[in-house]
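Here's the structure, in structure tokens; my notes come after.
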Amino acid sequence: MFPYPSGSGLHIGHPKGYIASDIYSRFKRMQGYNVLHPMGFDSFGLPAEQYAIEHNIHPAIITEENINNIRSQLQFLGLGYDWDREIATSREDYYRWTQWIFTRLYNSYFDEDHIWHDANGREIKGKALSITGLAKSFADGKRTYSDEDQSILGEDANQGWADLSEAQRQAVLNHYRLAYHDEIVVNWCPGLGTVLANEEVTNDGKSERGNFPVYKRPLKQWIMRITSYADRLLEDLDAPLAQGDEREPFTLDWPAAIKLMQSNWIGRSEGAEVQFQVLKPGTQTIHSELTVYTTRPDTLFGATFMVLAPQHPLVTQGDPLYNVPEDWASDIDQRWRGDETELPLQSALAAYADRAAQKTAADREEREKTGVFSGFYAINPVNGETIPVFVADYVSMDYGAGAIMAVPAHDERDFEFAEKFGLQITEVVKGGKEGETCFSGEGTSINSPQGDQTSEFSINGLTTAEAKSVIINKLEGKELGKRAVKYKLRDWIFSRQRYWGEPFPLYSHPDGYAVAIDGPVALPEMDDFRPETSDDPDRPVQPPLHRAGEEWRTVELPDGAIGTRELNVMPQWAGSCWYYLRFIDPQNGQAFCGEQAEQYFMPVDLYVGGAEHAVLHLLYARFWHKVLYDLGHVSTPEPFKKLFNQGMITADAYQDERGVYVDIRAVELRDGEGYHKETGNRLQRTAGKMGKRYKNGLPPEEVGEEFGVDTLRLYEMYMGPLEASTPWSMEGIRGMQRFLQRVWRNFVDNDGAIRIGGEPTEFQIKRMHQTNLRVTDHIEHLRFNTAIAALIEWNNELVGEDCIPQIVAETFISLLNPLAPHIAEELWFRAGWGEGVLSHKAWPKADKAMAAEDVITLPIQVNGKMRGQIDVAVDISEEELRERVLNMENVKKFIPEGAQLRRFIVVPGRIVNIVVG
RNA sequence: GCCGGGGUGGCGGAAUUGGUAGACGCGACGGACUUAAAAUCCGUUGGCCGUAUCGGUCGUGCGGGUUCAAGUCCCGCCCUCGGCACCA
């Protein structure tokens, strides 16, 4: 997953996933695969723009600066990307294709009745088809207007397609398009001057960025009809996925937890829609019909009241359906008046709806049931009983029908409400534990009418599953209800009122409909790119692009009318929905991606990134990919074959007595407690994310320069399982540095030459034991040596001899399963290099006994740094050793002209330690 | 509340998926070298007990169970991290 180019650059927590994919891609390359391992930048969007505003530099400039900075950080880390393929979502040659894909979506609709088969013979329900085809079938009379079409057309619904105005036709088509225009209630943040997605709003109703208040407000927005794909997005998480006739089908190899999160997010549920008749107050005549959705139609006999959402049209003043009696009936239970006991019915409902709208997420968390009687009664369709209709905010307008049938005996929420408002509780399912007041599980149906009272809906004795099915069939037979499937997934609001994003390739016709154009729309250069922010939630919305100048904003349309440009821009997600495709063919000026190249590389074999994108990015990208697949632009139904979520690197943060975060570099550790290096004060420690605002992240360069980049890379891989979050430790990294120094001494001789291949020397075997390689026998050693030789040979060819330590380090990761089993599994076993080469249990320790004639190798340290090694007989005299060592090229090199030899120490059998100065 | 992942030494974490628990690293302690320190190298390092270079015993959040054998499987709790959250 590519990063967004933040102004503060990368810290040591960021590269974990990049290092992992780098190692893996190098390894696959060594095995002869043609590996595409690219990198780019998600450079449009709010973070980059806010940074630009704060630093008062134009985003077009600051974004490229930040990209340069991060690119050099990545290069410093020795990450082997193909930089010729670098992309950035904010560059015109990239986002013109984002716009192009948008236009595909705009010009398509989802035909849910279209049944087709993929190359694997799997039946798929629903497909994106061309909107012109839809218009044609209206024109040809092959398709008639749906109920919704008719309500859009109103009085003209009896007119043929040809007799409709263009605006009317477009209004009908808009309501089919995968990218459509509609007025909906959004999270409006005047402080940022933009609409925000739900997940960009915090629990207490503030914006995640900047902490400004967020208001609900109806706005006309571009919306993606992702809900059309709900079923396919769900199914394909586990289905065998065809990729043409010639290649094997694949299934998604994703963490189960992520699949589950996606599945929960889509939130499919099966049940029934049931119609209840609502009575005219004070009479027995039918006033209107109320549809509810339930997953438990088997509990209909226990439905003793109904609940409407506070925004339900039946109780919303000004709505055509509004129909609330003016005042309370005299015999009403006082509890039913809710908290507005003094107000007449209509005002009480309005007051309740107002208060419900003001509630924050924190208020809702209290879950105290509140509500007001609506004045209406309804008739339960299965037993004809008259039941009261309430308004309560535990029912929300945006799910199902915004109304429910309440079954207090078998639903916890309904039960609480019934208790508080004194409503009847009728048990209709048996199976709960003794004494359980509200059983919501499955069991056996009871208490359907019997004997003289018996009803055709009676389901006594049936299991829940049987009862559901029987009731639904009967309801369908009498046209009182029907089987229905609902999703929690909402359509995706796609407009942002900002400057730094992809402009829409759309114009608005003066007659009030949108016109799409093929061809790029460049983001206009504007000195003043700031959004119009305010404290006033009701101020008219003016995206910055309205200041872009007449020339940009208007154009003559094909019919001669003057169109005005769409002034919103796309959200940050847009660019990241398809970037993996552009990596395949980044310089293509004719298409978003060449067809052959696409077929060669897709699907993405391994996609490494953080779990924070578990739902949104991955769901949006899958959605776009499926549309492109339906339209024949890509060859696979899913973009990412294997997904891996690397864990975070966490770090302790320290706060002083004022609660201000103290830079990690100014913290001194003593006995596990943090103290300020300068003031000496003890600091408050909290564990958590590494980040700029906690001042506990270090730039990779700082660590890399001190310990070596190999050490940094290897340490990050060594910290724990790649998928786990583990804390950074400045002490821990030392161990890895020592380990690499031992490795280095083992393979690089006195004069910097590499000693590999052939028979291992006794020294090497010994050294391997010491470096904890602990290779058990000769054969294994040879295999190891061959691997090293191949690695170095390959490495020299590609990047020159300078990178040897890095490649050695990587080899070690793949070899040392006891050190990094997670990596070993990926790199070693999967590579087919053989299994069980290194046993991970109880290797013999190095043999310490040595004969007098044994040759040993002594490492040589000059002023604390390892500078080479020397092979000597165990019984060499100190004098002779001293002479030989001081005459070594590698040692002389590090003794400055005229420097005095301060110390020459030999630790017998271990090391030569020289101090000069 | 619901769903999912976890609880193993002073710390990060291993344990071939039911087969010698504590690999590897950090830290700590002891030793070599040094006037000294740093660095390096060597050794020890779960608790308790003993007749102490060896032996016993207890030990993987808590309580039960299955098994020749349980960190691993089953049942019931507790804690913690992540996701969703009145979704009918």
Side-chain angles (χ1 to χ4, degrees), chain A residues 203 255-265 267-269 271 292-296 299 303 306-307 309 361 364-369 392-396 398-407 410-414 416-417 440 486-490 611-612 614-615 645 647-648 650 669 671-672 715 718-721 723-736 738-739 741-742 745 770 772 774 816-822 825 835-836 838-843 845-846 848 858-866 902-913 915:
Chain A
N203 271 345
I258 303 293
K259 284 187 180 179
L260 195 69
M261 277 165 69
Q262 292 234 338
S263 158
N264 289 343
W265 189 265
R268 180 189 157 101
S269 76
V292 300
Y293 173 71
T294 176
T295 54
R296 291 296 297 271
T299 61
M306 299 184 79
V307 183
R364 273 188 287 276
E365 210 147 311
E366 286 174 20
R367 286 159 185 272
E368 177 68 24
K369 293 286 175 291
D393 64 3
Y394 81 89
V395 174
S396 55
D398 56 3
Y399 184 78
I404 62 160
M405 64 175 213
V407 186
H410 303 291
D411 183 287
E412 192 66 41
R413 298 151 297 173
D414 298 343
E416 282 171 28
F417 193 85
S440 54
K486 297 277 173 207
Y487 302 93
K488 285 192 225 175
L489 183 67
R490 296 280 91 95
E612 67 272 18
V615 177
N645 294 122
M648 256 190 312
T650 61
L669 283 176
D671 302 326
Y715 179 61
Y718 169 74
M719 289 167 75
E723 65 271 26
S725 289
T726 40
W728 179 264
S729 155
M730 262 314 179
E731 279 70 47
I733 196 171
R734 307 279 345 246
M736 190 49 69
R738 285 199 276 259
F739 173 76
Q741 282 169 347
R742 293 196 297 260
R745 278 181 245 137
Q770 285 171 358
N772 297 311
R774 298 184 176 182
L816 299 179
N817 32 344
L819 288 176
H822 44 291
E825 188 185 46
E835 288 191 29
L838 300 172
S839 158
H840 64 280
K841 273 232 165 177
W843 291 293
K845 303 241 173 183
K848 279 182 284 183
L858 293 175
I860 299 161
Q861 196 182 57
V862 183
N863 284 354
K865 291 214 159 68
M866 301 309 306
R902 302 271 289 268
R903 181 160 51 120
F904 185 95
I905 301 153
V906 181
V907 184
R910 302 298 175 205
I911 191 167
V912 179
N913 192 342
V915 177

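Each chain gets a letter, A, B and so on, in the order the sequences are listed, and its residues count up from 1. What you are looking at is a predicted structure, and each value in this text was computed from that prediction instead of being measured.
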(message) Checking the side chain of A:Glu416 only, and the main-chain atoms of A:Glu368 only, is there a donor and an acceptor separated by less than 3.5 Å?
(response) no
(message) Exactly one of A:Asp411, A:Asp414, A:Val292 should register a side-chain contact (heavy atoms from CB on, under 4.5 Å) with A:Met405. Which one does?
(response) A:Val292
(request) Determine the Euclidean distance between corresponding C1' atoms of B:U57 and B:U66; express it in Å to zero decimal places. (result) 25 Å
(message) Check the phosphate of B:A88 against A:Ser269, side-chain N and O only, distance under 4.0 Å to OP1 or OP2. Yes or no?
(response) yes
(message) Reading RNA chain B from 5' onward, which residue's closest nucleotide shows up sooner: A:Glu368 or A:Gly732?
(response) A:Gly732
(request) Check the chi torsion on B:U72 and let me know: syn if it falls within 90° of 0, anti if not. (result) anti
(request) Would you mind classifying the nucleic acid contact of A:Asp398 as base, sugar-phosphate or nothing, using non-hydrogen atoms under 4.0 angstrom? (result) nothing
(message) For the C1' atoms, the ones on B:U67 and on B:C73, what distance do you get once it is rounded to whole angstrom?
(response) 10 Å
(request) Assign B:G9 to syn or anti; the rule is syn for a glycosidic angle within 90° of 0 and anti otherwise. (result) syn
(message) Classify A:Ser396 by what it touches in the nucleic acid, base, sugar-phosphate, or nothing, heavy-atom distance under 4.0 Å.
(response) base
(request) Grab the NE2-C1' distance between A:His410 and B:C86 for me, whole Å please. (result) 19 Å
(message) Side chain of A:Ile404 only, heavy atoms from C-beta on: which candidate in B:C84, B:G4, B:A88 is closest?
(response) B:A88
(request) Check every atom of B:G4, B:A88, B:G13 against the side chain of A:Tyr399 and return the nucleotide holding the closest atom. (result) B:A88
(message) Less than 6.0 angstrom from the centroid, inside 45 degrees of the normal: does A:Lys486 satisfy that with respect to the ring of A:Tyr399?
(response) no
(message) Measuring only the P atom in each nucleotide, how far is B:A14 from B:U8? A whole number of Å is fine.
(response) 11 Å
(message) Taking only the C1' atom of each, what is the distance from B:G43 to B:C33 in whole angstrom?
(response) 15 Å
(message) For a quick test of reading the model, state the closest non-hydrogen atom pair linking A:Ser269 to A:Thr295 and the distance between them.
(response) OG-CG2, 3.9 Å
(message) Rounded to whole Å, please give me the gap between CH2 in A:Trp265 and P in B:C2.
(response) 21 Å
(request) Kindly label the base of B:A52 as syn or anti, based on whether its glycosidic torsion lies within 90° of 0. (result) syn
(message) Return whichever of A:Ile733 or A:Ala724 has its heavy-atom-nearest nucleotide of RNA chain B closer to the 5' end.
(response) A:Ala724
(message) So A:Arg490 and A:Asp398, do their side chains get closer than 4.5 Å, heavy atoms only?
(response) yes
(message) Under 3.5 Å for both donor-acceptor distances, Watson-Crick or wobble: does B:U40 have a partner, and if so which one?
(response) B:A32
(request) Provide the Watson-Crick or G-U wobble partner of B:G27, both distances under 3.5 Å; none if there is no partner. (result) B:U45
(request) Report the base-pairing partner of B:U72 (Watson-Crick or G-U wobble, both distances below 3.5 angstrom), or none. (result) none
(request) State the pairing partner of B:A21; accept Watson-Crick or G-U wobble contacts with both distances under 3.5 Å, and report none otherwise. (result) none
(request) Could you pull out the closest heavy-atom pair between A:Tyr394 and A:Ala406, with the gap in Å? (result) OH-CB, 4.4 Å
(message) Pairing check on B:U67: which nucleotide meets the Watson-Crick or G-U wobble criteria with it, both distances under 3.5 Å?
(response) none
(message) Suppose you measure atom P in B:G61 against the same atom in B:G7; what distance do you get, rounded to whole Å?
(response) 8 Å
(request) Could you state the atom-to-atom distance from CZ of A:Arg734 to C1' of B:C26 in whole Å? (result) 11 Å
(request) Heavy atoms only: give me the nearest A:Ala614-A:Met261 pair and the separation to one decimal. (result) CB-CE, 3.4 Å
(request) Mind calculating the distance between CG (A:Leu489) and P (B:C84) to the nearest angstrom? (result) 14 Å
(request) Please tell me which of the listed nucleotides, B:G12, B:C3, B:A88, lies nearest to the side chain of A:Asn264? (result) B:C3
(message) For B:U51, does the O4'-C1'-N9-C4 or O4'-C1'-N1-C2 angle fall within 90° of 0, making it syn, or is it anti?
(response) anti
(request) Would you kindly give the OH-to-C1' distance between A:Tyr715 and B:C11, to the nearest whole Å? (result) 11 Å
(message) Please give me the minimum heavy-atom distance between A:Trp265 and A:Lys488, naming the atom from each residue.
(response) O-CB, 3.8 Å
(request) In whole angstrom, give me the gap between the C1' atoms of B:G46 and B:A15. (result) 16 Å
(request) Might you point out which heavy atoms bring A:Ala309 and A:Ser396 nearest each other, and give the distance in Å? (result) CB-C, 3.8 Å
(message) Of the options B:C26, B:G12, B:G4, whose atoms approach the side-chain atoms of A:Leu260 most closely?
(response) B:G4
(message) When both hydrogen-bonding distances must be under 3.5 Å and the geometry is Watson-Crick or G-U wobble, what is B:U16 paired with, if anything?
(response) none
(request) Please state the P separation for the pair B:G76 and B:A23 - nearest whole angstrom. (result) 35 Å
(message) Between B:A28 and B:G9, how many Å separate the two C1' atoms, rounded to a whole number?
(response) 13 Å
(request) Let me know the distance between CE of A:Met261 and C1' of B:C2, rounded to the nearest Å. (result) 15 Å
(message) Checking base pairs now: Watson-Crick or wobble, both atom distances under 3.5 Å. What partners B:G4?
(response) B:C81
(message) Let's see if you can work this out: which of B:C84, B:G83, B:A88 has an atom nearest to the side-chain heavy atoms of A:Val395?
(response) B:A88
(request) Rounded off to whole Å, could you give me the CD-to-P distance for the A:Glu412 and B:C2 pair? (result) 10 Å
(message) Any donor-acceptor pair, under 3.5 Å, between the side chain of A:Lys369 and the base of B:C86, if you only look at N and O atoms?
(response) yes
(request) Side chain of A:Tyr394 only, please: which of B:C86, B:G13, B:C3 is the nearest? (result) B:C86
(request) In whole angstrom, give the distance that lies between atom CE of A:Met306 and atom C1' of B:C86. (result) 17 Å
(request) Give the nucleotide from the list B:G13, B:C84, B:G27 with an atom nearest to the side chain of A:Glu731. (result) B:G27
(message) Nearest to the side chain of A:Asp393, heavy atoms from C-beta on, is which of B:G4, B:C86, B:G13?
(response) B:C86
